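Worksheet: the structure to be examined is printed underneath.
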Amino acid sequence: MCDVSRSLSLSHLLYEIPQRLSIYVFCTYIDLQDLRKEIGMRFLSDPNFQIFVNKEKIDLLDIPGINVHKFNAEIDGIEQPIEIIGIDTQRPDGTTKQHGVAWHVNGRLVGQCSWKGPNGEKFLDGRKSIAKRFTFIVRADCLSDLVKPDWEGFNNDDDIYPRALEAVNQAILKFISDFFSEARTETFNEIKGQNEPVLKKLSPTEIEEWEGFVKTTQEECVNLSDDVLNDLAKILANLLQAKSRYALIHKLGEYNPNQLDDLNDILSKWTVDMAKEVLDELEIRMLLVKELEAKVKRTDTDELKDLQPLFERGLWIFGPEYESLHFTSNKGMTKVLRDLLGVNETGSRNRPDFVILPDSSIGTYSVPRFSDDDGGEVGVDRLVIVELKKPGIPLGSEQREQTLKYIRELKQKGAIDNHTKVTGFPLGSQIDPLETEKLTQGNVTIQPMTYNMIIKRAESRLLNLKQKVESAPFLQEIIESNKKAKAQTELEGV
């Protein structure tokens with residue numbers, strides 16, 4: 001421990017401390033030849049930058065032959081091939097500084113040494129370990145007439161430089177591909193092992209196709225990381241199993257970059273199963289509304305065959321409490337109504353879910369009520385009656401009273417009781433302006449509505465999405481189908 005008074009001057013301290021302390025400095029020794037090699041592998045890309053160690057200049061001869069690789073790039077129209085010298089540090093450095101492609105013309109650097117060409121063309125992804133390990137010196141004296149006056153690049157007055165650039169690029173990529181063939185084989189075997197459970201389900205032809213894709217991608221896309229390559233391999237293996245095969249790839253190929261980003265954002269927030277469930281339900285409901293919209297506008301629409309089946313699947317239109325997942329067609333209730341009304345038509349026997357009257361058709365839909373004691377079914381909890389009036393019959397007080405009459409008779413016959421909540425919807429093409437309000441009596445509600453009101457209510461419940469996705473393929477199909485049906489009807493009418 002050094003005891004030094006606070007009054008000592010700085011100069012005194014600098015003198016005294018070394019005298020009173022034993023200082024040991026440990027230095028890692030590096031061989032002179034190794035030093036020349038390590039410096040040479042990283043700083044010989046610029047001929048104008050000269051490095052001396054102990055007054056001796058460093059050159060390529062200081063780099064062992066195992067670290068230097070020479071090959072040529074053949075160019076059409078140029079007799080002398082371009083020589084390329086690859087310098088391999090064997091271990092990737094921390095950055096790509098002092099690495100890349102250096103173009104030399106007459107012993108002078110053109111542009112900068114980097115993984116971009118003299119005119120900004122990209123060779124390799126700098127994030128790859130290869131880019132932090134290799135430097136390529138391109139001796140292109142044959143392009144001396146194309147060098148710009150400031151030596152920052154080449155002129156593109158003709159196609160010589162682009163052809164030379166392409167040839168050099170391909171030669172470098174081929175060298176890298178050949179150089180890392182063993183590493184690629186090792187990576188391929190690892191990827192194949194990770195995908196073995198899926199590959200076992202493929203045929204020999206499909207496995208051969210999968211292997212060819214992975215190997216070709218390895219060779220031609222050297223900038224792909226092993227993780228990304230493995231992801232692609234998994235995707236292909238699953239596509240080979242899927243019924244749609246490569247249809248997804250074709251669709252992705254039609255998307256622009258922004259759409260691909262949007263798709264990635266969607267998949268990061270939704271699972272595919274979840275998105276499919278929501279979109280399938282939305283599609284079903286939008287198709288139903290589109291079909292209903294087309295049919296209520298046509299005078300030849302049969303309310304029994306065309307409209308009642310749609311409302312059977314579309315009770316949700318009337319409100320969230322009428323979701324069709326809970327309400328089901330009540331054949332027993334319909335039979336009671338047919339017996340009460342004395343209906344004995346052929347159509348009623350063919351369509352037992354509905355009651356056919358001269359001026360309308362009736363459908364009944366219910367939710368059962370269960371006992372709190374044993375959970376058994378003890379009656380009807382909710383009943384919905386949908387009566388579709390033929391065009392030309394306005395909805396008024398008479399139609400509301402008629403629906404109330406059905407409900408009273410159902411109670412008298414014991415089909416429902418006082419605990420049953422009943423809602424009746426008389427629907428038609430027009431409604432008496434004085435009879436638009438709903439009628440409520442105890443647990444019974446009668447709400448007359450026009451078909452146009454129903455369409456607007458359906459669109460509102462779908463958050464008016466129909467207008468936003470009008471161009472969706474599934475909607476276009478039904479639009480075209482309705483156009484053909486309308487044209488056929490008009491032709492038959494003529």
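Given the structure is predicted, the values throughout are model-derived calculations rather than measurements.
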**Prompt:** Would a line drawn from the ring center of F311 to the ring center of F425 be shorter than 6.0 Å?
**Reply:** no

**Prompt:** Does the pair H69 and F179 meet the rule for a side-chain contact (heavy atoms from CB on, under 4.5 Å), with working shown?
**Reply:** CA-CA 10 Å; H69 308 273; F179 189 85; 3.7 Å; yes

**Message:** Can you pull out every side-chain hydrogen bond (donor to acceptor under 3.5 Å, both in side chains) where at least one residue sits in residues 264-276? Sequence neighbours excluded, please.
**Reply:** D265-K269, K276-D280

**Message:** Any heavy-atom pair between the side chains of Q80 and C142 that's under 4.5 Å?
**Reply:** no

**Message:** Could you report the tightest heavy-atom contact between V296 and I455, atom names first, then the distance?
**Reply:** CG2-CG1, 4.5 Å

**Fill in**
Nearest heavy-atom contact between Y451 and L388 is OH-CB, 3.7 Å

**Message:** Nearest 0.5 Å, please: how far is CG in L292 from CD1 in I454?
**Reply:** 8.0 Å

**Fill in**
Rounded to the nearest 0.5 Å, the CG atom of N155 sits from the OH atom of Y161 at a distance of 10.5 Å

**Asked** Does E208 CD have over 12 foreign heavy atoms under 6.0 Å away?
**Response** no

**Message:** Tell me whether K201 at atom NZ has more than 12 heavy atoms from other residues, nucleotides or ligands lying less than 6.0 Å away.
**Reply:** no

**Message:** Do L248 and I235 have side chains that approach each other closer than 4.5 Å (heavy atoms only, starting at C-beta)?
**Reply:** no

**Prompt:** Which heavy atom of P448 sits nearest a heavy atom of L395, and at what distance?
**Reply:** CB-CD1, 4.3 Å

**Asked** Heavy-atom distance under 4.5 Å between the side chains of F318 and T423, does that happen here?
**Response** no

**Item:** Side chain W210, main chain A233, donor-acceptor under 3.5 Å
**Value:** yes

**Request:** Return yes if some donor-acceptor pair links the side-chain N/O of N169 with the main-chain N/O of L165 below 3.5 Å, else return no.
**Result:** no

**Asked** With a 4.5 Å heavy-atom cut-off, do W115 and V101 have their side chains touching?
**Response** yes

**Prompt:** Under 3.5 Å, is there a donor-acceptor pair between the side chain of Q308 and the main chain of S361?
**Reply:** yes

**Request:** Take atom CG of D150 as the centre, draw a 6.0 Å sphere, and report whether it contains more than 12 heavy atoms from other residues, nucleotides or ligands.
**Result:** yes

**Prompt:** Can you name the closest pair of heavy atoms from E74 and A167 and give their distance?
**Reply:** O-CB, 3.6 Å

**Message:** Just verifying a value: how many Å separate R163 CZ and I78 CD1, rounded to the nearest 0.5 Å?
**Reply:** 6.0 Å

**Item:** Approximate separation, where rounding is to 0.5 Å, of E211 CD and E206 CD
**Value:** 12.5 Å

**Main-chain N/O of S177 paired with R184 side-chain donor or acceptor, under 3.5 Å** = yes

**Prompt:** Passes side-chain contact (heavy atoms from CB on, under 4.5 Å), L462 versus W316? Steps please.
**Reply:** CA-CA 10 Å; L462 288 173; W316 56 268; 4.1 Å; yes

**Request:** Evaluate the ring planes of F134 and F175, with Trp represented by its six-membered ring, and classify them as parallel (under 30°), tilted (30 to 60°) or perpendicular (over 60°).
**Result:** perpendicular

**Asked** Looking only at atom types and distance, does a side-chain atom of R245 sit under 3.5 Å from a main-chain N or O of L240, one as donor and one as acceptor?
**Response** yes

**Item:** Under 3.5 Å: donor-acceptor pair, side chain of D141, backbone of N106
**Value:** yes

**Message:** In the structure I gave you, are the side-chain heavy atoms of L143 and V110 within less than 4.5 Å of one another anywhere?
**Reply:** no

**Message:** Under a 3.5 Å threshold, yes or no: a donor from one side chain and an acceptor from the other, between E166 and Q170?
**Reply:** yes

**Asked** Sub-3.5 Å donor-acceptor pair from the side chain of S460 to the main-chain atoms of K456, do we have one?
**Response** no

**Message:** Quick one, D145 with I160, criterion side-chain contact (heavy atoms from CB on, under 4.5 Å). Give me CA distance, side-chain angles, the key distance, then yes/no.
**Reply:** CA-CA 11 Å; D145 293 339; I160 296 179; over 6 Å; no

**More than 12 heavy atoms from other groups under 6.0 Å of CD on E277** = no

**Request:** Kindly compute the distance separating CG (L252) from CD (Q259), expressed to the nearest 0.5 Å.
**Result:** 10.5 Å

**Asked** Which atoms form the tightest heavy-atom contact between S329 and E312, and what is the distance?
**Response** CB-OE2, 3.4 Å

**Asked** Nearest heavy-atom pair of F327 and Y322: which atoms, and what distance?
**Response** CE1-CA, 3.5 Å

**Prompt:** Is the closest basic N to carboxylate O distance between E196 and K200 below 4.0 Å?
**Reply:** no

**Item:** Spacing of E459 atom CD and E293 atom CD [to the nearest 0.5 Å]
**Value:** 5.5 Å

**Asked** Does the side chain of T89 come within less than 4.5 Å of H99's, by heavy atoms?
**Response** yes

**Asked** Are V214 and T217 side-chain neighbours, meaning at least one heavy-atom pair lies under 4.5 Å?
**Response** no

**Asked** Are the side chains of I191 and D226 in touch, meaning some heavy atoms are under 4.5 Å apart?
**Response** no

**Message:** Applying side-chain contact (heavy atoms from CB on, under 4.5 Å) to Y255 and D262, what does each step give before you reach the verdict?
**Reply:** CA-CA 10 Å; Y255 294 161; D262 289 341; over 6 Å; no

